[in-house]
Enquirer: 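First, the structure itself, so that you have it in front of you.
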Amino acid sequence: MSRLWNVAVAGATGAVGNQMIQCLEERNFPIKNLKLLASARSVGKTLNFKGTPYAVEEMTEQSFAGVDIALFSAGASTSLKFAPAAVQAGAVVVDNSSAYRMEPHIPLVVPEVNPHQIVSTPGIIANPNCSTIQMVVALKPIHDRARITRIVVSTYQAVSGTGQKAVMELQGQIKDLLAGKEPEIKVYPYQIAYNCLPHIDVFLDNDYTKEEMKMVHETRKILEDDSIRVAATTVRVPVYYGHSEAVHVETESKITAREVRDLLREAPGVVVVDDVAAKQYPMPLMAAGKDEVFVGRIREDISTDKGIVLWVVADNIRKGAATNAVQIAEKVIELKS
Ligand code: NAP
Ligand code: 3JM
């Protein structure tokens, strides 16, 4: 029988952590012991894995003794505090936060794009931002064929990316408004129901948001090409699950829409949904609950000679976070076995 592994989920009670537990179950990850970690607030709670209740434990620096793989999704400051202790204890950490992504010696991995960066010795592997993950899965085959020189992207991001509290805030605001009541605004600076906010994460000195600059820096690191120019506008929309992106790319050599369609039909992790005559294109309601990246509206950019436009949709909590982390963990144990 092949080896079983000791796995910890750090941030198990959150939106991403819950989905990680579900992904480990669905994909039948070979687990010996499972540790579910969160803050002191969650002690006393239980979470189910394969029909068995597991007690949630408070995460401390001592939590990681004997752990082979730790999946972190408890925020950047919590990763900075506890991931080094997990590595010290001998674990491979797959970190979902932005804490370590741009550290030069830390691999930043999307398994369909740069699996060769995965290592199996104790250390941290960073999981990219949700918006970056789905974009690079769709762009990697185009970059390999025609070399992308520039990307202009606008995102339409679901509230679940902000966590469980934001899902509840959108539900609450819709209910309040339908009842003729003033909606409660706590998570975002403005009402999100029936609105769009061009503001995700904090504003930086260059007037872009941190979310927008994550897309710039992470894309270059994952595609291993610092010459690609990227500009992003990231927007929060009143959708529960599934981020959408309008992606405009310019390439060094000419590639037709038909060639892109053919390339993406063969690409790992991609489903092409592109038949406008039959009104077939990706939407968040189609992608929610799925692990693939859905691509449609593939067309040549009429404003330039060598440009392609795509509409890219994926479940931000699954491929954008939990599934990608579990896929990385699967490659880690493949290397360790
Ligand atoms: P969430 O629903 O708010 O959950 C946060 C989780 O972190 C909870 O389990 C919480 O435990 C735990 N936590 C918070 N502070 C802690 C502490 N001091 N010690 C131990 N556990 C602590 O948020 P989420 O949406 O799941 O996101 C969690 C994190 O994942 C984000 O902050 C982000 O870094 C990352 N993320 C990444 C992506 C991506 O694009 N790859 C997408 C979404 C999120 P309690 O329940 O006990 O408070
Ligand atoms: C997605 O530390 C925090 O408050 C985390 C905020 C956060 C992040 C992040 O910066 O790690 C929420 C949602 C992300 C992300 O993937 O970058």
Side-chain angles (χ1 to χ4, degrees), residues 8-23 35-47 54-64 70-83 85-86 93-102 108-110 124-137 155 157-169 186-188 199-202 204 209-219 222 232 234 236 240-243 245 314-328:
V9 177
T13 51
V16 176
N18 255 296
Q19 188 61 60
M20 281 173 166
I21 297 166
Q22 208 176 311
C23 282
K35 255 192 180 184
L36 302 183
L37 305 171
S39 77
R41 294 178 290 271
S42 295
V43 173
K45 284 189 190 162
T46 58
L47 294 168
Y54 284 71
V56 177
E57 300 170 42
E58 179 182 357
M59 179 153 49
T60 69
E61 287 175 351
Q62 282 67 53
S63 300
F64 301 96
L71 304 176
F72 269 71
S73 68
S77 58
T78 311
S79 291
L80 287 169
K81 194 163 163 204
F82 293 109
V93 169
V94 182
D95 182 32
N96 248 289
S97 82
S98 56
Y100 296 100
R101 289 178 190 149
M102 294 317 299
L108 180 64
V109 176
V110 179
I124 297 169
I125 300 172
N127 196 78
N129 178 260
C130 37
S131 299
T132 309
I133 291 176
Q134 66 183 70
M135 184 170 83
V136 295
V137 167
T155 70
Q157 298 185 213
V159 294
S160 53
T162 316
Q164 211 50 57
K165 59 192 181 303
V167 172
M168 284 155 60
E169 177 144 317
K186 269 170 64 186
V187 175
Y188 298 114
H199 173 184
I200 300 183
D201 210 331
V202 295
L204 302 174
T209 63
K210 193 169 165 203
E211 186 82 349
E212 289 160 351
M213 294 312 294
K214 286 175 198 169
M215 293 192 79
V216 176
H217 300 305
E218 294 178 18
T219 298
I222 299 162
T234 57
R236 188 74 64 192
Y240 289 113
Y241 294 95
H243 289 357
E245 300 177 339
D315 184 320
N316 53 301
I317 300 297
R318 290 186 71 108
K319 184 56 188 169
T323 304
N324 198 70
V326 173
Q327 287 172 328
I328 293 171

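What's counted below: heavy atoms across the whole structure, side chains too, no hydrogens, waters or symmetry copies. Here the structure is a predicted model, which means the values were calculated and not measured. Atoms within a ligand are numbered from 1 in the order they appear, just like the ligands themselves.
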Enquirer: Mark whether atom 6 (C) of ligand 2 lies under 4.0 angstrom from at least one protein heavy atom.
Expert: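 False for atom 6 (C) of ligand 2.
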
Enquirer: With F64, which residues qualify under ring-ring contact (aromatic ring centres under 6.0 Å, His included), at least two apart?
Expert: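 For F64 the ring-ring contact (aromatic ring centres under 6.0 Å, His included) partners, ignoring immediate neighbours, are F72.
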
Enquirer: Taking N or O atoms only and a 3.5 Å limit, does N129 qualify as a polar contact for ligand 2?
Expert: yes

Enquirer: Flag the pair E169 / K186 as yes when at least one side-chain heavy-atom distance between them is below 4.5 Å, and no otherwise.
Expert: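 Counting from C-beta outward, E169 and K186 do come under 4.5 Å.
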
Enquirer: Under a 3.5 Å threshold, I'd like every N/O contact between ligand 1 and protein atoms, with atom names and distance.
Expert:
| from | atom 1 | to | atom 2 | distance (Å) |
| --- | --- | --- | --- | --- |
| ligand 1 | 2 (O) | A15 | N | 2.9 |
| ligand 1 | 2 (O) | Q164 | N | 3.4 |
| ligand 1 | 9 (O) | G11 | O | 3.1 |
| ligand 1 | 9 (O) | T13 | N | 3.3 |
| ligand 1 | 9 (O) | T13 | OG1 | 2.6 |
| ligand 1 | 9 (O) | G14 | N | 3.1 |
| ligand 1 | 11 (O) | T13 | OG1 | 3.3 |
| ligand 1 | 21 (N) | S39 | N | 3.3 |
| ligand 1 | 26 (O) | A15 | N | 3.0 |
| ligand 1 | 26 (O) | V16 | N | 2.8 |
| ligand 1 | 32 (O) | G75 | N | 3.4 |
| ligand 1 | 40 (O) | C130 | N | 2.5 |
| ligand 1 | 40 (O) | G320 | O | 3.4 |
| ligand 1 | 41 (N) | N96 | OD1 | 2.9 |
| ligand 1 | 41 (N) | P128 | O | 2.9 |
| ligand 1 | 41 (N) | G320 | O | 3.2 |
| ligand 1 | 46 (O) | T13 | OG1 | 2.5 |
| ligand 1 | 46 (O) | S42 | OG | 3.1 |
| ligand 1 | 47 (O) | S39 | N | 3.1 |
| ligand 1 | 47 (O) | S39 | OG | 2.6 |
| ligand 1 | 47 (O) | S42 | OG | 2.6 |
| ligand 1 | 48 (O) | S39 | OG | 3.4 |
| ligand 1 | 48 (O) | R41 | NE | 3.1 |
| ligand 1 | 48 (O) | R41 | NH2 | 2.8 |

Enquirer: Do the side chain of E218 and the main chain of R101 share a donor and acceptor less than 3.5 angstrom apart?
Expert: no

Enquirer: Is the shortest heavy-atom distance from the side chain of K214 to the side chain of K210 under 4.5 Å?
Expert: yes

Enquirer: Under 3.5 Å, is there a donor-acceptor pair between the T162 and R236 side chains?
Expert: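 Per modelled atom types, T162 and R236 side chains form a pair under 3.5 Å.
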
Enquirer: Say whether, by atom type as modelled, one donor and one acceptor occur between the side chain of T209 and the main chain of I200 under 3.5 angstrom.
Expert: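 Answer holds: yes.
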
Enquirer: I'd like to check which ligand 2 atoms, numbered from 1 as shown, lie under 4.0 Å from a non-hydrogen atom of G75.
Expert: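 What qualifies from ligand 2 is 2 (O).
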
Enquirer: Begin from the C-alpha positions of S131 and Q157 and carry the test side-chain hydrogen bond (donor to acceptor under 3.5 Å, both in side chains) through to its verdict.
Expert: CA-CA 8 Å; S131 299; Q157 298 185 213; 3.0 Å; yes

Enquirer: Just by modelled atom types, is the A325 backbone N or O under 3.5 Å from a matching donor or acceptor in the N127 side chain?
Expert: yes

Enquirer: Looking only at distances, please establish whether an N/O atom of ligand 2 is found under 3.5 Å from an N/O atom of P128.
Expert: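 Between P128 and ligand 2, no N or O pair is found under 3.5 Å apart.
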
Enquirer: Please list the nearest protein heavy atom to atom 2 (O) of ligand 2 with its residue and the distance rounded to 0.1 Å.
Expert: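 So the nearest neighbour among protein heavy atoms is A76 N, 2.9 Å.
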
Enquirer: Tell me: protein heavy atom nearest atom 16 (O) of ligand 2, and distance?
Expert: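 I find the closest protein heavy atom is R101 NH2, 2.7 Å.
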
Enquirer: Of the non-hydrogen atoms in E61 and K81, which two are nearest, and what is the gap between them?
Expert: OE2-O, 3.9 Å

Enquirer: Looking only at protein heavy atoms, which one is nearest to atom 11 (O) of ligand 2, and what is the separation?
Expert: S98 N, 2.8 Å

Enquirer: Show the numbers, then the answer: is there a side chain to side chain contact (heavy atoms under 4.5 Å, CB included) between Y100 and L80?
Expert: CA-CA 8 Å; Y100 296 100; L80 287 169; 3.7 Å; yes

Enquirer: In terms of residue, atom name and distance, what is the protein heavy atom nearest to atom 13 (C) of ligand 2?
Expert: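 Heavy-atom neighbour on the protein nearest atom 13 (C) of ligand 2: G161 O, 3.4 Å.
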
Enquirer: State, to 0.1 Å, how close T132 and M215 come at their nearest heavy-atom pair, and which atoms those are.
Expert: OG1-CA, 3.7 Å

Enquirer: Under 3.5 Å between some N or O of ligand 2 and some N or O of S97?
Expert: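 Between S97 and ligand 2, no N or O pair is found under 3.5 Å apart.
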
Enquirer: Considering only heavy atoms of K214, which atoms of ligand 2 have at least one such atom less than 4.0 Å away?
Expert: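 Atoms satisfying the 4.0 Å criterion: 8 (C), 9 (C), 10 (O), 14 (C), 15 (C), 17 (O).
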
